[in-house]
Amino acid sequence: MSQPKVSVLMATYNAMPFLPPAVESILGQTFADFQFVIVDDGSTDDSHDYLSSLDDARIKLVQNKNSGLSAALNRGIQECAGEYVARMDADDISMPNRLAVQVDFLDRRPDISCVGTQVVPFGDSGSGSDLRLPTQHREIVQCLKEGRHAIVHASAMIRLEVLKKIGGYWPYRLVAEDYDLFLRMSEVAELATIDEVLYRVRYHMSSLNGQDMLRMRRAVDFAGELARRRSLNEPPLTFDEFVALRKSAPWPKRVSESLDAYARVHYRIAMGELCSGKRTTGYLRMGWAAACSPSLTFQRMLRVIKPASSKT
């Protein structure tokens, strides 16, 4: 195909049975001038058979030895030919007009290099309320520096030249690749979020435990520490060095960190329960998460309990 306006970039690992509706939500976009780069990161389920059966000239399927999300996305970037790169996760849903709205936004706003959208969580029993993410660059960056959610990674559309300029994703097999990417991008470009729900995030019943979440949160904080060091022209450190520093902190701080991770696990499980129709259990668990970490959960509870936005 000729050079497309947009390259949609998806990396997938064992995403069945949610992969087909995710793929179909891209193939059914009202904006058609795109290539769809799908990196199969060594799936061992039926993902490869499904992807290989697709007959659409816009799809470029890349087989990759399992190496984690960051490495898979960096591999996919090599195949992207569009002016813009639109991320997509293998178990979510893009609204039909998502690409059209984001392309129009970036075409009109050359000062913006990365734009996300408002999103709504969903599960087997319907959708929740939209998450009301910040829309302006300064507020987005402040949230990122504080380790708070600012842009939904899979909803983002990014100028390819800027993505390549910053070197793509970090080399770590850590879950906070989006925080690091957006923080590095914010140092050379403006970020924004379109104040319209154009993306649906699937919530599963979380399989995370406290230690998994603790490592995830440390990865987020690690991304923030790297950004802080860059701003002060200080030398970087490795993730292992960062973790060692955290483990040597005074015990009250370590207990607080562990309690925060525990609360986040239960928040995620509660979201999965709410989106699966288990509303009583979900709200009770949400309350328990709030009791464990009030400052963390209060604003999130308001997002979930408030009436759904009319834009959904």
Side-chain angles (χ1 to χ4, degrees), residues 7-28 34-80 85-94 119 121-125 152-156 163 168-181 199-220 222 239-240 261 264-265 268-269 271-273 275-276:
S7 294
V8 180
L9 176 59
M10 171 193 287
T12 180
Y13 175 73
N14 290 354
M16 298 294 278
F18 305 122
L19 182 57
V23 169
E24 290 162 11
S25 77
I26 292 298
L27 298 181
F34 65 86
Q35 69 168 157
F36 194 0
V37 178
I38 305 176
V39 181
D40 181 6
D41 193 35
S43 294
T44 57
D45 62 359
D46 295 331
S47 295
H48 176 70
D49 291 340
Y50 165 71
L51 293 171
S52 297
S53 72
L54 297 173
D55 184 18
D56 192 305
R58 295 172 295 182
I59 294 177
K60 184 174 184 58
L61 179 59
V62 179
Q63 288 299 132
N64 199 54
K65 181 179 179 181
N66 183 255
S67 53
L69 183 57
S70 292
L73 291 175
N74 281 333
R75 174 66 184 89
I77 290 171
Q78 297 174 20
E79 305 295 334
C80 291
V85 174
R87 277 283 290 113
M88 176 71 195
D89 271 353
D91 54 356
D92 295 340
I93 300 292
S94 285
V119 306
F122 78 103
D124 296 337
S125 298
V152 172
H153 182 203
S155 79
L163 191 55
Y169 294 86
W170 66 6
Y172 298 100
R173 195 162 180 162
L174 299 171
V175 183
E177 75 288 327
D178 52 340
Y179 281 85
D180 175 72
L181 182 83
Y199 196 81
R200 301 176 68 204
V201 178
R202 187 184 298 274
Y203 268 80
H204 310 278
M205 298 298 291
S206 177
S207 60
L208 287 175
N209 58 39
Q211 288 302 311
D212 293 333
M213 181 59 77
L214 183 58
R215 181 175 174 82
M216 181 186 297
R217 291 309 306 173
R218 282 178 173 169
V220 170
F222 175 55
F239 181 65
D240 288 342
R264 289 176 187 272
V265 169
R268 287 185 56 148
I269 296 174
M271 286 296 294
E273 289 171 334
C275 291
S276 298

A.B. asks: Considering residues at least two apart in sequence or located in another chain, which fulfil the ring-ring contact (aromatic ring centres under 6.0 Å, His included) criterion with Tyr13?
C.D. replies: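 Not a single residue meets the ring-ring contact (aromatic ring centres under 6.0 Å, His included) criterion with Tyr13.
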A.B. asks: Of all residues at least two apart in sequence or in a different chain, which pass the side-chain contact (heavy atoms from CB on, under 4.5 Å) check with Glu79?
C.D. replies: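 Counting only residues at least two positions away or on another chain, Glu79 forms a side-chain contact (heavy atoms from CB on, under 4.5 Å) with Val37, Lys60, Val62, Arg75.
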A.B. asks: Name all residues meeting the side-chain contact (heavy atoms from CB on, under 4.5 Å) criterion together with Pro21; count only those two or more places apart in sequence or in a different chain, and write none if there are none.
C.D. replies: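 With sequence neighbours excluded, Pro21 shows a side-chain contact (heavy atoms from CB on, under 4.5 Å) to Ile93, Arg202, given in chain and number order.
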A.B. asks: What pairs with Asp89 under salt bridge (Lys or Arg N to Asp or Glu O under 4.0 Å), at least two apart in sequence or on another chain?
C.D. replies: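 Partners of Asp89 by the salt bridge (Lys or Arg N to Asp or Glu O under 4.0 Å) criterion, ordered by chain and then number, come out as Arg87.
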A.B. asks: Mark yes or no for whether Ser52, through its side chain, and Asp49, through its backbone, hold a donor-acceptor pair below 3.5 Å.
C.D. replies: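 It does not hold such a pair.
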A.B. asks: Holding to side-chain hydrogen bond (donor to acceptor under 3.5 Å, both in side chains), I want the full list of residues that pass it with Asp46, two or more places apart in sequence or in another chain.
C.D. replies: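 Result, side-chain hydrogen bond (donor to acceptor under 3.5 Å, both in side chains) vs Asp46: none returned.
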A.B. asks: Where is the tightest heavy-atom contact between Thr12 and Ser43, given as atom of each residue plus distance?
C.D. replies: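 Result for this residue pair: O-OG, 3.6 Å.
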A.B. asks: Looking at every non-hydrogen atom in both residues, tell me the closest pair between Ser47 and Ala15 and how far apart they are.
C.D. replies: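 Closest pair (atom of Ser47, atom of Ala15, distance): OG-N, 3.5 Å.
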A.B. asks: Enumerate the residue pairs fulfilling salt bridge (charged side-chain N to carboxylate O under 4.0 Å, His left out) with a member in residues 7-28, sequence neighbours excluded, ordered by first and then second residue.
C.D. replies: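 Applying salt bridge (charged side-chain N to carboxylate O under 4.0 Å, His left out) to every pair that reaches into residues 7-28, excluding sequence neighbours, yields nothing.
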A.B. asks: Atom CD in Glu177, atom OH in Tyr169: separation rounded to 0.5 Å?
C.D. replies: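 OH of Tyr169 is found 7.0 Å from CD of Glu177.
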A.B. asks: Output all residues satisfying side-chain hydrogen bond (donor to acceptor under 3.5 Å, both in side chains) with Ser7, sequence neighbours left out; order by chain, then residue number.
C.D. replies: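 Here the qualifying residues are Gln35.
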A.B. asks: State, with a plain yes or no, whether a side-chain heavy atom of Ile59 is found less than 4.5 Å away from one of Leu27.
C.D. replies: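 Yes; the side chains approach each other to less than 4.5 Å.
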A.B. asks: Name all residues meeting the salt bridge (Lys or Arg N to Asp or Glu O under 4.0 Å) criterion together with Asp180; count only those two or more places apart in sequence or in a different chain, and write none if there are none.
C.D. replies: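 Listed in chain order: Arg184.
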A.B. asks: Going by heavy atoms in the side chains, are Arg215 and Leu174 under 4.5 Å from each other?
C.D. replies: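 They are in side-chain contact.
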A.B. asks: What are the two closest heavy atoms between Met10 and Ala22, and how far apart are they?
C.D. replies: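 Scanning both residues, the minimum pair turns out to be CE-CB, 4.2 Å.
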A.B. asks: Could I get the full list of side-chain hydrogen bond (donor to acceptor under 3.5 Å, both in side chains) partners for Ser155, not counting sequence neighbours?
C.D. replies: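 None.
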A.B. asks: Which heavy-atom pair separates Ala90 from Ala11 by the least distance, and what is that distance?
C.D. replies: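 Shortest heavy-atom separation between Ala90 and Ala11 comes out as CB-O, 4.2 Å.
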A.B. asks: Between atom CG of Asn14 and atom CG of Asp91, what is the distance when rounded to the nearest 0.5 Å?
C.D. replies: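 It is 12.0 Å, given to the nearest 0.5 Å.
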A.B. asks: Taking all non-hydrogen atoms of both residues, which atom of Ser25 and which atom of Met88 are closest, and how far apart?
C.D. replies: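 Answer, listing the atom of Ser25 first, then Met88: OG-CE, 3.6 Å.
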A.B. asks: Could you tell me if the side chain of Asp41 sits less than 4.5 Å from the side chain of Leu69, heavy atoms only?
C.D. replies: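 Heavy-atom side-chain distance check fails, nothing below 4.5 Å.
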A.B. asks: Quick one: salt bridge (Lys or Arg N to Asp or Glu O under 4.0 Å) partners of Asp56, sequence neighbours excluded?
C.D. replies: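 With sequence neighbours excluded, Asp56 shows a salt bridge (Lys or Arg N to Asp or Glu O under 4.0 Å) to Arg58, given in chain and number order.
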A.B. asks: So, using side-chain contact (heavy atoms from CB on, under 4.5 Å) as the criterion, who are the partners of Asp55 when residues are at least two apart?
C.D. replies: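 Asp55: no side-chain contact (heavy atoms from CB on, under 4.5 Å) contacts found.
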A.B. asks: Report the C-alpha distance between Leu73 and Val39 in whole Å, list the side-chain angles of each, state the deciding distance to 0.1 Å, and finish with yes or no for side-chain contact (heavy atoms from CB on, under 4.5 Å).
C.D. replies: CA-CA 7 Å; Leu73 291 175; Val39 181; over 6 Å; no
A.B. asks: Are side-chain heavy atoms of Val152 and Asp178 found at a separation under 4.5 Å?
C.D. replies: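 No, side chains not in contact.
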A.B. asks: Taking the side chain as every heavy atom from C-beta outward, state whether Leu54 and Phe36 have any atom pair closer than 4.5 Å.
C.D. replies: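 No. Closest side-chain heavy atoms not under 4.5 Å.
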A.B. asks: Please list, chain by chain and in numerical order, all residues satisfying ring-ring contact (aromatic ring centres under 6.0 Å, His included) with Phe222, sequence neighbours excluded.
C.D. replies: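 Per chain and number, Phe222 pairs via ring-ring contact (aromatic ring centres under 6.0 Å, His included) with Trp170, Tyr172, Phe239, Phe242.
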A.B. asks: What is the minimum heavy-atom distance between Ala72 and Ser67, and which atoms define it?
C.D. replies: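 Closest pair (atom of Ala72, atom of Ser67, distance): N-OG, 4.1 Å.
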A.B. asks: Rounded to the nearest 0.5 Å, how far does CD of Gln63 lie from CD1 of Ile38?
C.D. replies: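 Ile38 CD1 to Gln63 CD: 10.5 Å, rounded to 0.5 Å.
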